[in-house]
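Here the structure is laid out as structure tokens; the discussion comes afterwards.
Both backbone and side-chain heavy atoms feed into the values below; hydrogens, waters and symmetry mates do not.
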Amino acid sequence: MKYAVAAAALFLTVSPALADKWDLSTMTCQQFISQDKSTIGIILSWLDAYYKDEDAPPVIDTEKFVQNAEKLGAYCAMNPQIGLITATDTLFGGD
């Protein structure tokens with residue numbers, strides 16, 4: 001029961017953001033850093049998973065996550081017109 005309540009609470013906190021669709025392939029760094037905090041968190045979580053090796057264990061390293069988020073935020077602040085995926089490929093080694 002407590003898990004259902006926690007899941008419902010989580011859904012309610014992100015449900016307004018779920019109404020949107022974000023095409024990260026066309027999003028610029030400026031558009032990314034201009035999003036609200038919850039949207040940035042969702043995008044950062046997706047990016048964290050996207051740049052993990054296929055065989056990586058399902059572990060979230062919060063220290064590395066925060067470091068990467070700060071690195072991306074600083075890079076995007078200095079390069080607002082660059083595409084978000086171009087920025088993340090540059091920083092995190094996309095194919």
Side-chain angles (χ1 to χ4, degrees):
M1 178 67 174
K2 68 179 178 180
Y3 297 112
V5 172
L10 177 63
F11 178 74
L12 291 174
T13 61
V14 297
S15 62
L18 294 177
D20 294 332
K21 293 182 182 178
W22 308 298
D23 183 349
L24 302 185
S25 69
T26 62
M27 183 178 282
T28 65
C29 273
Q30 180 61 49
Q31 291 168 323
F32 169 67
I33 60 178
S34 297
Q35 299 296 318
D36 61 76
K37 187 177 181 177
S38 66
T39 300
I40 289 173
I42 292 167
I43 293 170
L44 287 171
S45 296
W46 186 91
L47 290 168
D48 183 62
Y50 182 77
Y51 286 98
K52 287 197 183 303
D53 289 335
E54 186 175 323
D55 297 329
V59 173
I60 299 172
D61 179 342
T62 57
E63 187 174 323
K64 183 175 180 182
F65 183 89
V66 170
Q67 289 172 349
N68 286 344
E70 290 172 349
K71 188 185 303 185
L72 179 60
Y75 187 89
C76 280
M78 294 182 64
N79 301 283
Q81 299 309 313
I82 289 179
L84 178 61
I85 297 300
T86 300
T88 55
D89 281 349
T90 299
L91 293 172
F92 309 121
D95 296 329

Fill in the blank from the handout: In this structure, OG1 of T86 is separated from CG of L91 (nearest 0.5 Å) by 11.0 Å
Handout entry: A77 to I33 - nearest heavy-atom pair and separation
Key = CA-CD1, 4.1 Å
Problem - Pairwise side-chain contact, T88 with Y50, heavy-atom cut-off 4.5 Å (strictly under) - result: no
Practice task
Among L24, I82, T39, I40, find the one that has a side-chain contact (heavy atoms from CB on, under 4.5 Å) with F32.
Solution key: I40
Problem - Short side-chain to backbone donor-acceptor contact, D53 and D55, under 3.5 Å - result: no
Handout entry: Heavy-atom pair with the smallest gap, counting every atom of A87 and L72
Key = CB-CD1, 4.2 Å
Exercise for the section: Calculate, to the nearest 0.5 Å, the distance between atoms CG and CE belonging to D23 and M27 respectively. Expected result: 8.5 Å
Problem - Value rounded to 0.5 Å, distance of CG in N68 from CG in L44 - result: 9.0 Å
Problem - Nearest heavy atoms of Y51 and I85, plus distance in Å - result: OH-O, 3.8 Å
Handout entry: CD on Q67 to OG1 on T62, rounded to 0.5 Å
Key = 9.5 Å
Problem - D61 (side chain) donor-acceptor with K64 (main chain) under 3.5 angstrom - result: yes
Problem - Any side-chain heavy-atom pair of K71 and F92 under 4.5 Å - result: yes
Practice task
Quick one: pull up CG in L84 and CG in D89 and give me the separation to the nearest 0.5 Å.
Solution key: 9.5 Å
